[in-house]
Participant: 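Attaching a single structure in structure tokens format; questions to follow.
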Amino acid sequence: MRVGFVIPAYQAERTVAGVVGDLRAALGSEGADILVVDDGSTDGTLPRAESAGARVVRHPRNLGKGAALRTGLEVLAELGCRAAVSVDADGQHPAAEAVRMARLPAAESHLILGIRDLVRDGAPKNSRFSNRFSNVFLSLFSGRSLQDTQCGLRRYPIAETLALNVRSNGYAFEAEVVLRAARSGLAIEQLPVRVIYPPESERISHFHVVRDPTHIVLRVVLTAATAWRRE
């Protein structure tokens, strides 16, 4: 199975080259398609990603993480990839963990969710709260016990994910994928992963711990009302 990597990036000039470089080093001679989707950045994200050796596509304006992931899946499909591991551009996901997920001997049609230990890895308390909040709602509406619905480290089966017709362009994309996958009967696996949280002064995040979980919950409710469970 050919697996690529997609890195949605916005204003990530400080970190994106390191993320790309670490992935290339972890892959070694095996190599893989590493795609950065520059979601309308106005800083040096694009040249930094290119200089590190990534293939880069760019949105002319900021559309949201979901839109960047969708674009990445479409481009990787055109390149012949069957699955895509998503990696955040802020350096939170160690390259070794991303490569381990890519090589996981799971069926190529399965959606693989990364499951973090937020306490062990030092996540801020507000992030832990918002994640628990989203987990409760998604577990309720999907009928699955979901341990981490906000982790950006995932392996998407490309054709199956695009066929879900996910509508959200923002952070709710990731939650909507899970719900639609569960409702459609797509197999979902959960893989414990290690992540890195830098000191608070060094953290770069565009996720709003109140606004974005609220949008996620609203999207889940709307999706649940329209996506019927597969018999």
Side-chain angles (χ1 to χ4, degrees), residues 1-13 15-20 23-24 27 31-93 95 98 101-102 108-109 111-114 149-181 184 186 204-208 212 215-216 219 223:
M1 177 175 60
R2 184 172 173 182
V3 182
F5 295 84
V6 56
I7 305 170
Y10 176 64
Q11 307 293 69
E13 66 176 3
T15 54
V16 69
V19 171
V20 173
L23 272 176
R24 294 184 67 192
L27 287 163
D33 294 294
I34 300 175
L35 175 70
V36 171
V37 181
D38 178 5
D39 189 31
S41 300
T42 58
D43 62 0
T45 294
L46 188 151
R48 296 287 177 84
E50 287 183 331
S51 67
R55 183 188 301 265
V56 183
V57 296
R58 184 177 187 276
H59 290 163
R61 60 186 178 88
N62 181 240
L63 299 176
K65 185 179 183 183
L69 285 169
R70 188 183 297 110
T71 294
L73 295 179
E74 292 169 347
V75 172
L76 287 175
E78 292 173 359
L79 294 174
C81 293
R82 180 68 183 83
V85 173
S86 58
V87 181
D88 286 354
D90 61 2
Q92 182 185 128
H93 303 145
M101 180 172 282
E108 62 181 24
S109 61
L111 172 64
I112 314 296
L113 307 180
T149 57
Q150 292 183 1
C151 183
L153 181 59
R154 295 180 172 184
R155 192 174 92 188
Y156 292 96
I158 294 177
E160 289 83 354
T161 301
L162 292 174
L164 295 174
N165 294 317
V166 177
R167 299 172 184 176
S168 175
N169 285 331
Y171 287 105
F173 177 94
E174 292 162 317
E176 189 179 346
V177 163
V178 173
L179 182 56
R180 288 186 179 274
S184 69
L186 191 66
I204 301 173
S205 176
H206 304 290
F207 185 87
H208 192 285
D212 290 314
H215 287 170
I216 289 170
R219 173 54 63 180
T223 302

Participant: Quick one: closest heavy-atom pair of Ser184 and Leu164, and the distance?
Facilitator: OG-CD2, 3.6 Å

Participant: Taking the basic N atoms (NZ, or NE/NH1/NH2) and the acidic carboxylate oxygens, is any pair closer than 4.0 Å for Arg61 and Asp39?
Facilitator: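 So Arg61 does not pair with Asp39 through a salt bridge.
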
Participant: So do the side chains of Thr15 and Gln92 get within less than 4.5 Å of each other, counting heavy atoms only?
Facilitator: no

Participant: List the steps and the verdict of salt bridge (charged side-chain N to carboxylate O under 4.0 Å, His left out) for Asp43 and Arg48.
Facilitator: CA-CA 10 Å; Asp43 62 0; Arg48 296 287 177 84; over 6 Å; no

Participant: Using side-chain heavy atoms (C-beta onward) and a distance below 4.5 Å, is Val20 in contact with Val36?
Facilitator: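 Of all side-chain heavy-atom pairs linking Val36 with Val20, at least one is under 4.5 Å.
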
Participant: About how many Å separate CZ of Phe5 and CZ of Arg55, when rounded to the nearest 0.5 Å?
Facilitator: 14.5 Å

Participant: How far apart are the closest heavy atoms of Val3 and Ala32, and which atoms are they?
Facilitator: O-CB, 3.9 Å

Participant: Are Arg82 and Ser109 packed together at the side-chain level, in the sense that at least one heavy-atom pair is separated by less than 4.5 angstrom?
Facilitator: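 A side-chain contact exists here, since the closest heavy-atom pair is under 4.5 Å.
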
Participant: Are side-chain heavy atoms of Leu35 and Val37 found at a separation under 4.5 Å?
Facilitator: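 With C-beta onward as the side chain, the pair touches.
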
Participant: Out of curiosity, Thr161 OG1 to Leu69 CG, how far, rounded to the nearest 0.5 Å?
Facilitator: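 One gets 10.0 Å once the value is rounded to the nearest 0.5 Å.
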
Participant: Please say which of Leu76, Ile34, Val57, Ile158 ends up in a side chain to side chain contact (heavy atoms under 4.5 Å, CB included) with Val6.
Facilitator: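 With Val6 as partner, Leu76, Ile34, Val57, Ile158 yield a single side chain to side chain contact (heavy atoms under 4.5 Å, CB included), made by Leu76.
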
Participant: Okay, side chain of Asn62, backbone of Gly40: is any donor-acceptor separation there less than 3.5 Å?
Facilitator: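 No, because the side chain of Asn62 does not come within donor-acceptor range (under 3.5 Å) of the backbone of Gly40.
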
Participant: Give me the atom names and distance for the closest heavy-atom approach of Ser41 to Ala9.
Facilitator: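 Ser41 and Ala9 have their closest heavy atoms at OG-O, 3.7 Å.
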
Participant: For the atom pair CG (Leu113) and CD (Gln150), what is the distance rounded to the nearest 0.5 Å?
Facilitator: 12.5 Å

Participant: Set out, in order, the CA-CA distance, both residues' side-chain angles and the distance that settles side chain to side chain donor-acceptor pair (under 3.5 Å) for Arg180 and Asn165, then state yes or no.
Facilitator: CA-CA 9 Å; Arg180 288 186 179 274; Asn165 294 317; over 6 Å; no

Participant: Under 4.5 Å between any side-chain heavy atoms of Tyr156 and Ile112, yes or no?
Facilitator: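 The answer is no, as the side chains (C-beta and beyond) never meet within the 4.5 Å cut-off.
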
Participant: If I compare all heavy atoms of Ala98 with all of Val87, which pair ends up nearest, and what's the gap?
Facilitator: CB-CG2, 3.8 Å

Participant: Just by modelled atom types, is the Asp33 backbone N or O under 3.5 Å from a matching donor or acceptor in the Arg2 side chain?
Facilitator: no

Participant: Are any non-hydrogen side-chain atoms of Pro157 and Leu111 less than 4.5 angstrom apart?
Facilitator: yes

Participant: Report the C-alpha separation of Thr42 and Gln11 in whole Å, then their side-chain angles, then the decisive distance to 0.1 Å, and conclude whether the side chain to side chain donor-acceptor pair (under 3.5 Å) test is met.
Facilitator: CA-CA 7 Å; Thr42 58; Gln11 307 293 69; 3.0 Å; yes

Participant: Side chain of Thr149, backbone of Ala175: donor and acceptor closer than 3.5 Å?
Facilitator: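 Flag not set: sc Thr149 to bb Ala175 has no pair under 3.5 Å.
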
Participant: Kindly give the heavy-atom pair with the smallest separation between Asn169 and Arg70, and that separation in Å.
Facilitator: OD1-NH1, 2.8 Å

Participant: Using side-chain heavy atoms (C-beta onward) and a distance below 4.5 Å, is His59 in contact with Asp38?
Facilitator: no

Participant: Return yes if some donor-acceptor pair links the side-chain N/O of Glu13 with the main-chain N/O of Gly44 below 3.5 Å, else return no.
Facilitator: yes

Participant: Any idea which heavy atoms bring Ile7 and Val19 closest together, and the distance?
Facilitator: CD1-CG1, 3.8 Å

Participant: Answer yes when Glu174 and Lys65 have at least one side-chain N-carboxylate O distance shorter than 4.0 Å, and no when they do not.
Facilitator: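 Yes.
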
Participant: Is any NZ, NE, NH1 or NH2 atom of the basic residue among Arg155 and Glu108 found under 4.0 Å from an Asp or Glu carboxylate oxygen of the other?
Facilitator: no

